[in-house]
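Have a look at the structure below before the remarks.
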Amino acid sequence: MPELPEVETIARGVHARVRGDRILDVWFSSKPQPFKNPPALQAKGLEGRTILAVQRNGKHIVVSLGDKPPQPSSKVSGPEVRLPHAVAKSQRLAVPVAKASRPEGRPPHAVPVPVEWIVHLGMTGRLLVTTPDAPIAPHTHARLTLSSGKELRFVDPRRFGRLELRDLAKTGSFVAAGAEPLQIESEPFAALFRGRKLAIKAALLNQTLLSGVGNIYADESLFRAGIRPRRQAGRLSREELERLRLALREVLQNAIRLGGSSVSDYVDANGVRGFFQLEHRVYQRTGEPCLVCKTTIKRITVAGRSTHYCPHCQH
DNA sequence: CATTTCACCTGGTGGC
DNA sequence: TGCCACCAGGTGAAAT
């Protein structure tokens, strides 16, 4: 379901509502599908931590978590760390992350954090902030009880989504493989496609080249750039590639402003639909007239995905 | 190595 | 109403 603008919208919404919250309790479903490392391990790693920030990286949601306070009820422990100190420390740490103005993209974390919880929504995943008494939607796979009384829930009918807890001492901070489409400059963008024989649409969907572009925004940016989806990536002129880069940036920025595209059931962290589907010019408009030239929009298959374009406007 | 295809899942829609 | 084929925002493993 969600591409860069939808994931950005969700990450911003979750960040605004749970930043600074402590995770008191974690419940996971017994389905193995969405868990990249064992759910018991993830639950143990999450419980007790403070949420410092929620950010998008490619199509991934990165939840940065602070240190755990010492367990009060465990065995007799040394007096090294007292609870008030630990609380004060993590709250102090939360400030620079929270205050750092974060437009789009991937700023490095302001402070090192011990673990990150990575949420990938797959095709049908949702990340929702609710009250505890909100009805549990079918296919709810995770419920995090928070100290403010809210719940953070992960719902995913098809289970293509993934949840992963990363220990930063072992793995380092999560960084998506591909370049950020909103940040990349002209020359590095052109270099991504040089010498490549695959269709430009397939290249746009390849997350190791660019991270965050999916089926909707690939089609919409190619239409706005006037480029046919089956053109060989390596044969596009420098001018065409620059048009594509700017069209892609424009379309993603506008989609973020409108809260993403709700094609069927996408909603943000508050359960609110987006509006960019009203701006789609080719995606899922097969058989309808082009909004520019009235030519009938065609549907073909590229890279195994349904692909929509205007035969007159795109060359 | 680069590229393509397919399986992974559930649910909705439209035809018969 | 039921059954079936087909479609869906993604992605990584297997095949070519």
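Below, chains carry the letters A, B, ... as their sequence lines are ordered, and counting in each starts from 1. Note that the coordinates shown come from a computational prediction; the quantities given were computed from them, not determined experimentally.
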Under a 3.5 Å distance rule, please check whether [X] uses its side chain to pair with a backbone N or O of [Y] as donor and acceptor.
X: A/Arg231; Y: A/Ile227; result: no
X: A/Arg281; Y: A/Ser221; result: no
X: A/Gln33; Y: A/Arg159; result: no
X: A/Arg17; Y: A/Gly13; result: no

Could you tell me how far apart [X] ([atom1]) and [N] ([atom2]) are, to the nearest whole angstrom?
X: A/Phe193; N: B/dT3; atom1: CZ; atom2: P; result: 12 Å
X: A/Arg305; N: C/dA8; atom1: CZ; atom2: P; result: 8 Å
X: A/Lys31; N: B/dC8; atom1: NZ; atom2: P; result: 15 Å
X: A/Arg299; N: C/dC7; atom1: CZ; atom2: P; result: 6 Å
X: A/Asp156; N: C/dA8; atom1: CG; atom2: P; result: 18 Å
X: A/Asp265; N: B/dT13; atom1: CG; atom2: P; result: 11 Å
X: A/Asn57; N: C/dG10; atom1: CG; atom2: P; result: 17 Å
X: A/Lys36; N: C/dG10; atom1: NZ; atom2: C1'; result: 13 Å

What's the closest nucleotide to the side chain of [X] if the choices are [options]?
X: A/Arg159; options: B/dC8, B/dT10, C/dG10; value: B/dT10
X: A/Gln284; options: C/dG10, B/dT10, C/dA8; value: C/dA8
X: A/Arg196; options: B/dT4, C/dA8, B/dA2; value: B/dA2
X: A/Phe160; options: C/dC7, B/dC9, C/dT11; value: B/dC9
X: A/Asn215; options: C/dA8, C/dG10, C/dT11; value: C/dG10

Considering every strand and a 4.0 Å limit on heavy-atom distances, what is the contact class for [X]: base, sugar-phosphate, or nothing?
X: A/Ser262; result: base
X: A/Ser261; result: base
X: A/Tyr283; result: sugar-phosphate
X: A/Gly304; result: nothing

Is [X] near enough to [N] that one of its side-chain N or O atoms lies under 4.0 angstrom from OP1 or OP2?
X: A/Thr124; N: B/dT10; value: no
X: A/Lys197; N: B/dT3; value: no
X: A/Arg158; N: C/dG10; value: no
X: A/His139; N: B/dG11; value: yes
X: A/His120; N: C/dT11; value: yes
X: A/Lys59; N: C/dT11; value: yes

Point to revise | Complementary nucleotide for B/dC9 - Watson-Crick or wobble, under 3.5 Å | key: none
**Study point:** Shortest non-hydrogen contact from A/Ala255 toward A/Phe276
**Key:** CA-CD1, 3.5 Å
Review point. For atom P, what is the distance between C/dC3 and B/dC9, given to the nearest Å?
Key: 24 Å
**Study point:** Whole-Å C1' distance, C/dG12 and B/dG11
**Key:** 23 Å
Check your understanding: Between A/Phe35 and A/Phe28, is the gap from one ring center to the other below 6.0 Å?
Key -> yes
